[in-house]
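To start, the structure under review is shown below, and the notes come after it.
Every value quoted in this text rests on a predicted model; they were computed, and no experiment measured them. Below, chains carry the letters A, B, ... as their sequence lines are ordered, and counting in each starts from 1.
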There are 2 protein chains.
Amino acid sequence: MDQVNLKRLAKELNLAISTVSRALSDSYDISEGTKKKVLALAKKLNYQPNPFARSLRNRSSKTIAVILPEIANNYFSVAINGIEEVAQANNYHVLIYITHENLQKEADIVRLLLNGRVDGILMSLSGGPEDTDHLKELQESKVPVVFFDRVSDTIETAKITTNNFESGYLATSHLISRGSQRVAYLTYSGELSIEQQRMKGYMESVSKRGLLFREEFIVCCNRNSAENYEKIKELFSADGRPDGVFASVESLAILAYEVCSELNLRIPEDVKIVGFSNLRTASLLNPALTTITQPAFNMGREAAKALFEALKKPHIKMEDQTIVLRSNLIERRSTAAN
Amino acid sequence: MDQVNLKRLAKELNLAISTVSRALSDSYDISEGTKKKVLALAKKLNYQPNPFARSLRNRSSKTIAVILPEIANNYFSVAINGIEEVAQANNYHVLIYITHENLQKEADIVRLLLNGRVDGILMSLSGGPEDTDHLKELQESKVPVVFFDRVSDTIETAKITTNNFESGYLATSHLISRGSQRVAYLTYSGELSIEQQRMKGYMESVSKRGLLFREEFIVCCNRNSAENYEKIKELFSADGRPDGVFASVESLAILAYEVCSELNLRIPEDVKIVGFSNLRTASLLNPALTTITQPAFNMGREAAKALFEALKKPHIKMEDQTIVLRSNLIERRSTAAN
DNA sequence: TTGAAAGCGATACCAA
DNA sequence: TTGGTATCGCTTTCAA
């Protein structure tokens with residue numbers, strides 16, 4: 001029974017619980033004298049208010065959730081940094097959930113959070129179709145959500161993205177301008193909005209630059225699959241193999257490097273490669289990888305900011321906080337002209 | 001007032017709140033009939049118990065905290081994966097806190113967690129002295145803690161580490177066996193236990209192999225400092241510069257690569273490099289980096305397992321769950337013999 | 001087998 | 001300026 005709570009403080013000071021409570025919250029109608037006494041004792045006993053009693057009473061948890069498809073990936077870890085910074089500044093706690101690209105898990109997690117455990121959610125979708133039940137339930141609940149990077153097209157709320165279409169266009173055009181004639185596109189399922197945007201940019205560039213569009217140059221990989229390596233190897237082994245590759249995801253760019261190494265294809269002489277990536281070591285690769293780099297930290301920060309804005313001003317429209325940031329093409333040796 | 005809680009369920013079913021509660025927790029002394037009715041309605045209305053009321057009443061939060069020095073680093077992100085897996089399996093929630101290598105922040109966070117918000121803590125220390133007040137407070141509180149990787153020497157509890165001394169010895173001996181005569185050691189402050197272990201391994205190897213020990217070959221860097229690059233550059237610019245480098249941290253290995261590139265030092269011909277690292281792309285670097293790789297996922301998983309073990313069996317001694325895992329030396333071109 | 005009520009710890013309203 | 005008390009939603013003891 002050495003719990004330090006309001007009751008204990010009140011008893012030791014011969015005050016009512018309510019008085020102590022108000023003294024601690026610096027209420028106007030408490031005399032300076034008692035305030036000081038209360039604060040002194042609270043400090044001495046190291047009083048820490050019980051967070052659950054508070055949350056129960058106030059219907060607010062001082063906690064947000066971050067739902068991610070994966071984490072061992074520089075983009076998401078850096079984004080978390082941005083989120084965490086804003087959360088700490090707002091005295092909020094951050095719960096983390098990883099879906100491992102598994103829609104069912106994503107659904108379970110979302111449902112877990114609709115009972116008031118968190119005041120808001122930051123989310124980057126796992127791959128797959130977007131019109132899912134759990135997203136609808138999420139929308140119907142009043143828990144505010146901000147999507148970042150892998151956003152939902154179907155839900156109206158704040159979304160933090162980058163200019164994916166333009167980046168896809170730019171990456172492809174960059175390859176072409178450096179001499180690639182047969183440009184392949186590596187992607188995952190393609191059901192996510194951002195994947196479609198990037199692909200559209202690729203297609204547009206291919207067609208505008210007058211390249212021949214080839215079905216077999218679009219390689220659709222599976223997340224969490226060991227077969228992707230083989231798929232890419234096949235692409236590179238065929239007659240009329242590509243001489244340029246645009247990887248829409250970091251992990252596929254890495255696979256492409258590994259395949260090239262096995263097949264003794266020289267980068268950039270035989271194949272030029274550009275990929276979406278936030279790798280710290282992109283410039284140290286062999287050869288240095290040309291990347292489309294997203295402002296991961298800022299995306300996390302802006303997403304968190306948008307959420308806290310909504311928490312502070314419940315009346316504002318989430319949609320109005322949508323932001324499109326810019327990714328950068330950083331040219332390195334993997335796309336050097338021959 | 002469309003909240004779904006026990007009261008609401010009880011009213012709609014003309015039952016007492018306590019009955020409903022027991023039915024939902026599948027208590028023995030409730031008839032099958034009412035159980036079914038209750039479960040049916042609960043499902044229909046999508047009843048979700050209020051987590052705070054539960055936590056308040058049960059004095060358990062179903063939540064653990066993970067305190068990390070940083071996150072944009074493959075080791076820690078992978079470790080989180082391991083932690084998260086175990087937590088999800090136990091139906092626990094995971095709070096994340098990042099100290100950014102800042103002791104004051106670490107102290108604030110730890111104190112924040114001593115009020116019952118979490119049932120247990122997983123922690124990897126931020127750099128600096130270990131005998132700090134907040135660690136003492138943590139120990140005195142009854143919140144169970146498991147340290148992983150950057151463990152505390154002074155606190156007795158479960159610790160998950162790798163064989164740091166042996167790894168340091170092995171890395172250094174490896175450089176020497178590949179022909180390095182002047183082996184430098186790059187590290188951070190050196191106040192953490194694991195840093196000291198690694199350094200001791202280095203020293204032991206240097207002395208056993210009969211190399212000359214040189215004070216100036218031990219380069220002590222500062223976390224979060226831009227000057228580290230310059231420090232390493234200085235090391236490599238001096239007469240009698242090292243021809244082998246052991247980086248005790250991934251980020252310092254990367255800096256070494258960058259410095260070598262600027263100074264036109266060839267790896268491994270002019271300088272051989274080995275570093276602690278969990279980089280996915282180590283084998284794709286120019287040249288591929290020889291690494292000491294820690295079993296990050298397993299470390300996270302074992303740490304979480306140890307914590308849950310302690311939560312389930314409060315009587316067991318935490319110390320007994322200490323585990324030392326093995327890191328691997330993966331030889332690549334950066335340490336090839338000339 | 002079910003119901004009533006106390007209590008977890010903090011907040012806020014109403015009285016005094 | 002302070003005290004008493006109801007309340008948040010759930011669990012559990014005691015009674016019926």
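A sub-4.0 Å separation between OP1 or OP2 of D:dT2 and a side-chain N or O of A:Y28 is absent. Contact between the side-chain N/O atoms of A:N50 and the OP1/OP2 oxygens of C:dG9 is not found at any separation under 4.0 Å.
In the model, B:S55 has no side-chain atom that pairs as donor or acceptor with a side-chain atom of B:R59 under 3.5 Å. Counting only N and O atoms by type, the side chains of A:N90 and A:K312 include a donor and acceptor under 3.5 Å apart. The closest side-chain donor-acceptor pair between B:Q104 and B:D108 falls under 3.5 angstrom.
Between B:V20 and B:A10, the shortest heavy-atom contact is CG2-CA, 3.7 Å.
In summary, A:E32 and A:K36 do not engage in a salt bridge, as defined by a charged side-chain N under 4.0 Å from a carboxylate O. Taking the charged nitrogens against the carboxylate oxygens, B:K305 and B:E309 have no contact shorter than 4.0 Å, which rules out a salt bridge.
Separating the CG atom in B:L138 from the CG atom in B:L113 is a distance of 8.5 Å, to the nearest 0.5 Å.
Rounded to whole Å, the distance from NZ on B:K11 to P on C:dA4 is 14 Å. In this entry the distance linking NZ of A:K37 with P of D:dT1 reads 14 Å, nearest Å. For B:F52 and D:dC8, the CZ to P distance is 16 Å, given to the nearest whole Å. We find that CG of B:L15 is positioned 11 Å from P of C:dA4, with the value rounded to whole Å. Atom CG in A:N115 sits about 12 Å away from atom P in D:dG9, given to the nearest Å. Between the CG atom of A:L6 and the P atom of C:dG9 there is a distance of 10 Å, rounded to whole Å. C:dA10 atom P lies 16 Å from atom NZ of A:K62, rounded to whole Å. With rounding to whole Å, B:R59 atom CZ is found 18 Å from D:dC10 atom P.
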Polar atoms only, N or O, under 3.5 Å: list the protein pairs with nucleotides 12-16 of chain C and their distances.
none

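Closest approach to the A:R54 side chain among C:dA10, D:dC8, D:dG9 is made by C:dA10 (side chain taken as heavy atoms from C-beta onward).
Residues B:A16 and A:N5 both approach DNA chain C. Their nearest nucleotides, taken by heavy-atom distance, put B:A16 toward the 5′ side.
Residue-level contact check: B:D29 touches the bases, meaning some heavy atom is under 4.0 Å from a base atom. Nucleic acid contact for B:T34: sugar-phosphate only, since backbone atoms but no base atoms lie under 4.0 Å from a heavy atom of the residue.
A:T157 places no side-chain N or O within 3.5 Å of a backbone atom of A:V146 that could act as its donor or acceptor partner.
Computed from C1' positions of five pairs at each end, the angle between the two local axes of the helix from C:dT1-D:dA16 to C:dA16-D:dT1 equals 50°, rounded to 10 degrees.
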- Check the pair B:E101, B:R150 against salt bridge (Lys or Arg N to Asp or Glu O under 4.0 Å), reporting the backbone distance first and the verdict last. CA-CA 12 Å; B:E101 304 281 10; B:R150 300 183 177 192; 2.8 Å; yes

